Student: 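Following this message is one structure expressed as structure tokens.
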Amino acid sequence: MQLQFFILICALTLLQGCNDERAASIYIPNNSSAPVLRSDLDSSLRELIQQYGLKGDPAQQLALPSIETPLAQLGMKLFFSKTLSGNLDVACATCHHPLLGGGDNLSLSIGVDAIDTDILGNKRMLQGNLTPGVPRNAPTTFNIGLWKQFMFHDGRVESTGSGITTPDVAYPLPDPLAGANLAHAQARFPVTSNHEMRGKTFDAGGTTQSCRERLAERLGGYGVGAGLLQPEETQYWLEQFRLAYQQPDAAAKQLITEQNIAAALSEYERSQIFTNNPWKQYVQGDLSAISESAKQGALLFFRKRGESGYDCASCHRGDFFTDEQFRNVLTPPIGPGKGNTDPAIQQDYGRWLVTHNPDDKFRFRTPSLLNVAVTGPWGHNGAFTALDGMVEHMLNPFQSAIHYNPAQLQQANVPSSHLQQNLREMLSCDTDIAGQEYRQEDVQLLLAFLNTLTDPCVTNPACMGKWTPSTDATQQDPQKLQLNATF
Ligand code: HEC
Ligand code: HEC
């Protein structure tokens, strides 16, 4: 059968008169029974792929841990444990659940003060009609190990060359306690945030560092933390740490430290590599891996303006689809804003909050687009609850921003009354993309392309099982502080 095809192809090739070596490479065999015809579309894309130096796999040559390692396994248990929050009510997974694309499906995250601490997603509600205290959307933890320089929407954890700077030190000094990598440095902060995990009363008046140390002491049942958790609970964690760190005789005080907690958390997060998507297969030569519409969408994405494209790749660059730079793309300013001492100001100045450089006002880190179809809502504040709305925004930010409708928010009490006023202030600063005319059908093509960036594992609960701890009660901590989420 295959031989017949081959003969047919040779005959066709000869008939067309294109019997040189390049013509022969037009026909690429694939795994299915029919050979795939490389179209003009494929040839144009191949040129762009070469021009941008794409390999399809951003994780290539990086030393990233497997989820099977003992340390990543401990990290997974910690990531899902409410023991790391002041009032034993929030886990990292509350806002970064592997079955919710590594996020929480909310525009603005809800940590402490939830009505039901185990409910995630759109049904998660704050007590007493509170407005959300967390000002930003939870980015996915998927592929976190691929960021080279910045964590957070404003990059406040940054690898500077002389170390990693964090909010604990004056920017851009290196933080001596940042740890070995960006994920480790980052993992030490959510536990210190009142709205995310700490609550109002835990280690009240303490510093970020004392908060971390008190949490470690409570988990290990030593120091001032002795007796705060049940003895079986602290014993359980001591066993888990001894196993993971391969120190069977070490004492809790030596093993259960804020540094070892962060190291384990980051090892788990860095094992979440989900890059095996159809686009990668396509870049690596399987021409049938993506649809014709997705190919057309890819052309629009990579081609420059004036060459029938929208130049999305000027910022969403490379195999990780980000240049890790900060840009003002006029994301509609909804939500409480960040870092304002006056609650009447509901503005988020983005990168400026870190650098205080006037040019950085309203600039946010270019996100990766891997798995973007499952990481909504989109934008640093989750202003867009549909991916087509986000894509339309990127095509013409100004038009989209002035016509933005907060009714699309699926979450109660997200402040939006300052929208127009805040937008005027944003427009007074430099923006980084000019609007452009676009065809409505191009939105659908771009979406078709973006959908090829989803690793099938992330939408398959069986595949994600490896990154989710067992819900079997006998496998869990004795005090039942593991997050067993309902959506
Ligand atoms: C209440 C929800 C919430 C909880 C709980 C939470 N996070 Fe987050 N996380 C967020 C939000 C919101 C951001 C973005 C904040 C910003 O950029 O200012 C974020 C950012 C991050 C990032 C940076 C991602 C990136 O692309 O730069 C990582 C990694 C992360 N969190 C890991 C964790 C870990 C580990 C824990 C537990 C120790 C945790 N988070 C707990 C909401 C949460
Ligand atoms: C000037 C740089 C730049 C260009 C050009 C650009 N983007 Fe973006 N894009 C960004 C930044 C910055 C954000 C984050 C905005 C925020 O967080 O508020 C973003 C966000 C996004 C998001 C949301 C991702 C998420 O996880 O929230 C999508 C989807 C997206 N862009 C697609 C596109 C497409 C499609 C194009 C081309 C039509 C494009 N972008 C062009 C910089 C750019």
Side-chain angles (χ1 to χ4, degrees), residues 101 103-110 121-122 131-139 153-154 300-301 310-312 315-316 326-340 343-353 360-367 369 372-444 446-447 450:
D104 56 10
N105 264 6
L106 289 166
S107 288
L108 300 175
S109 290
I110 298 176
N122 276 329
T131 54
V134 178
R136 293 186 179 156
N137 178 263
H153 295 294
D154 52 17
L300 297 171
F301 187 93
Y310 297 115
D311 207 11
C312 310
C315 300
H316 298 286
F326 298 85
R327 300 256 166 47
N328 178 0
V329 298
L330 292 177
T331 304
I334 52 128
K338 188 175 166 72
N340 309 308
I345 301 174
Q346 298 181 338
Q347 189 63 292
D348 191 334
Y349 292 106
R351 183 68 179 152
W352 177 86
L353 292 167
D360 284 336
K361 266 199 174 168
F362 303 111
R363 293 206 152 99
F364 293 90
R365 188 189 63 178
T366 305
L369 298 178
V372 69
V374 301
T375 62
W378 296 270
H380 68 272
N381 53 7
F384 290 100
T385 54
L387 189 53
D388 50 358
M390 183 78 226
V391 169
E392 285 170 1
H393 179 84
M394 298 306 310
L395 287 164
N396 198 333
F398 175 73
Q399 284 301 324
S400 156
I402 58 171
H403 294 120
Y404 175 77
N405 185 357
Q408 68 181 278
L409 298 169
Q410 286 152 16
Q411 191 175 349
N413 299 322
V414 173
S416 63
S417 58
H418 290 55
L419 182 63
Q420 294 307 329
Q421 181 192 331
N422 285 352
L423 196 56
R424 274 195 295 279
E425 192 187 0
M426 289 173 86
L427 286 164
S428 70
C429 298
D430 284 346
T431 57
D432 293 303
I433 344 183
Q436 56 198 323
E437 295 282 313
Y438 63 90
R439 301 181 315 159
Q440 202 54 39
E441 55 264 42
D442 288 351
V443 176
Q444 295 313 312
L446 285 165
L447 283 172
L450 293 178

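If you're wondering where the values come from, they're calculated on a predicted model, not measured in any experiment. Just so you know, residue 1 is the first one in the sequence shown, and it goes up from there.
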Student: Is a side-chain donor or acceptor of Gln346 paired with a backbone partner of Gly337 at a separation under 3.5 angstrom?
Tutor: no
Student: Do Asn381 and Pro135 touch side chain to side chain, with heavy atoms closer than 4.5 Å?
Tutor: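 They are not in contact (no side-chain heavy atoms under 4.5 Å apart), so the answer is no.
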Student: With a 4.5 Å cut-off on side-chain heavy atoms, are Tyr438 and Glu392 touching?
Tutor: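 Heavy-atom side-chain distance check passes, below 4.5 Å.
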Student: Please walk me through it: do Asp432 and Arg363 pass salt bridge (Lys or Arg N to Asp or Glu O under 4.0 Å)?
Tutor: CA-CA 9 Å; Asp432 293 303; Arg363 293 206 152 99; 2.8 Å; yes
Student: How long is the straight-line distance from CE of Met426 back to CG of Asp348, given to the nearest 0.5 Å?
Tutor: 8.5 Å
Student: How many angstroms lie between CG in Leu423 and CD1 in Ile334, if you round to the nearest 0.5 Å?
Tutor: 12.5 Å
Student: Do you know which two heavy atoms are closest between Ala386 and Gln408, and how far apart they sit?
Tutor: N-OE1, 4.3 Å
Student: Is there a side-chain contact between Thr385 and Ser107 (heavy atoms, below 4.5 Å)?
Tutor: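 In short, these two side chains touch, coming nearer than 4.5 Å.
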Student: Look at the rings of Tyr404 and Phe384 and say which category their plane angle falls in: under 30° parallel, 30 to 60° tilted, over 60° perpendicular.
Tutor: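 Plane angle over 60°, so perpendicular.
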Student: So, for Pro415 and Pro336, which heavy atoms are closest and what is the spacing to 0.1 Å?
Tutor: CG-N, 3.9 Å
Student: Measuring from atom CG of Leu353 to atom CG of Asp360, what distance do you get when rounded to the nearest 0.5 angstrom?
Tutor: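 Separation between the atoms: 10.0 Å.
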Student: Begin from the C-alpha positions of Arg365 and His380 and carry the test side chain to side chain contact (heavy atoms under 4.5 Å, CB included) through to its verdict.
Tutor: CA-CA 9 Å; Arg365 188 189 63 178; His380 68 272; over 6 Å; no
Student: Would you say the side chain of Cys315 lies within less than 4.5 Å of the side chain of Arg327, judging by non-hydrogen atoms?
Tutor: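 Yes, at least one pair of side-chain atoms sits under 4.5 Å.
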Student: Does His393 reach the main-chain N or O of Asp388 with its side chain, forming a donor-acceptor pair under 3.5 Å?
Tutor: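 A pair under 3.5 Å: no.
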Student: One pair to check against side chain to side chain contact (heavy atoms under 4.5 Å, CB included): Phe398 and Thr431. What are the steps and the verdict?
Tutor: CA-CA 9 Å; Phe398 175 73; Thr431 57; over 6 Å; no
Student: Carefully, step by step, assess Val414 and Thr131 under the rule side chain to side chain contact (heavy atoms under 4.5 Å, CB included).
Tutor: CA-CA 6 Å; Val414 173; Thr131 54; over 6 Å; no
Student: Has the side chain of His403 got a donor or acceptor atom that lies under 3.5 Å from a matching backbone atom of Gln399?
Tutor: yes
Student: Taking Arg136 first and then Asp154, would you say they form a salt bridge - that is, a charged N and a carboxylate O separated by under 4.0 Å?
Tutor: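 A salt bridge is present here (some side-chain N lies under 4.0 Å from a carboxylate O).
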Student: Does NZ or CZ of Arg351 lie under 6.0 Å from the centre of the six-membered ring of Phe326, at an angle within 45° of the ring axis?
Tutor: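 Yes, a cation-pi geometry.
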Student: Decide yes or no for Gln411 and Ile110: does some side-chain heavy atom of the first lie under 4.5 Å from some side-chain heavy atom of the second?
Tutor: yes
Student: Tell me, do Val372 and Leu387 make a side-chain contact under 4.5 Å, heavy atoms counted?
Tutor: yes
Student: Going through the distances and angles, do Asn137 and Trp378 end up as a side chain to side chain contact (heavy atoms under 4.5 Å, CB included)?
Tutor: CA-CA 8 Å; Asn137 178 263; Trp378 296 270; over 6 Å; no
Student: If you round to the nearest 0.5 Å, how far is CD of Glu441 from CG of Leu446?
Tutor: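 Leu446 atom CG to Glu441 atom CD measures 11.5 Å (nearest 0.5 Å).
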Student: Taking atom CG of Leu395 and atom CD of Gln440, what is their separation to the nearest 0.5 Å?
Tutor: 9.0 Å
Student: Do Glu425 and Lys361 touch side chain to side chain, with heavy atoms closer than 4.5 Å?
Tutor: yes
Student: Apply the test ring-ring contact (aromatic ring centres under 6.0 Å, His included) to residues Phe362 and Tyr349: give CA-CA distance (whole Å), side-chain angles for both, the deciding distance (0.1 Å), then the verdict.
Tutor: CA-CA 5 Å; Phe362 303 111; Tyr349 292 106; 5.2 Å; yes
Student: If you look at every heavy atom in Pro332 and Ala401, which pair is closest and at what distance?
Tutor: CG-CA, 4.4 Å
Student: At their closest point, which heavy atom of Pro397 faces which heavy atom of Ile433, and how far apart are they?
Tutor: CG-CD1, 3.8 Å
Student: What orientation do Phe301 and His316 show, parallel under 30°, tilted 30 to 60°, or perpendicular over 60°?
Tutor: tilted
Student: What distance separates Gln436 CD from Met394 CE, expressed to the nearest 0.5 Å?
Tutor: 10.0 Å
Student: Nearest heavy-atom pair of Asn413 and Pro132: which atoms, and what distance?
Tutor: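 Minimum heavy-atom separation between Asn413 and Pro132: O-CD, 3.1 Å.
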Student: Restricting to non-hydrogen atoms, name the atom on Gly382 and the atom on Leu409 that form the minimum distance, rounded to 0.1 Å.
Tutor: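 Closest approach of Gly382 to Leu409, heavy atoms only: O-CD2, 3.8 Å.
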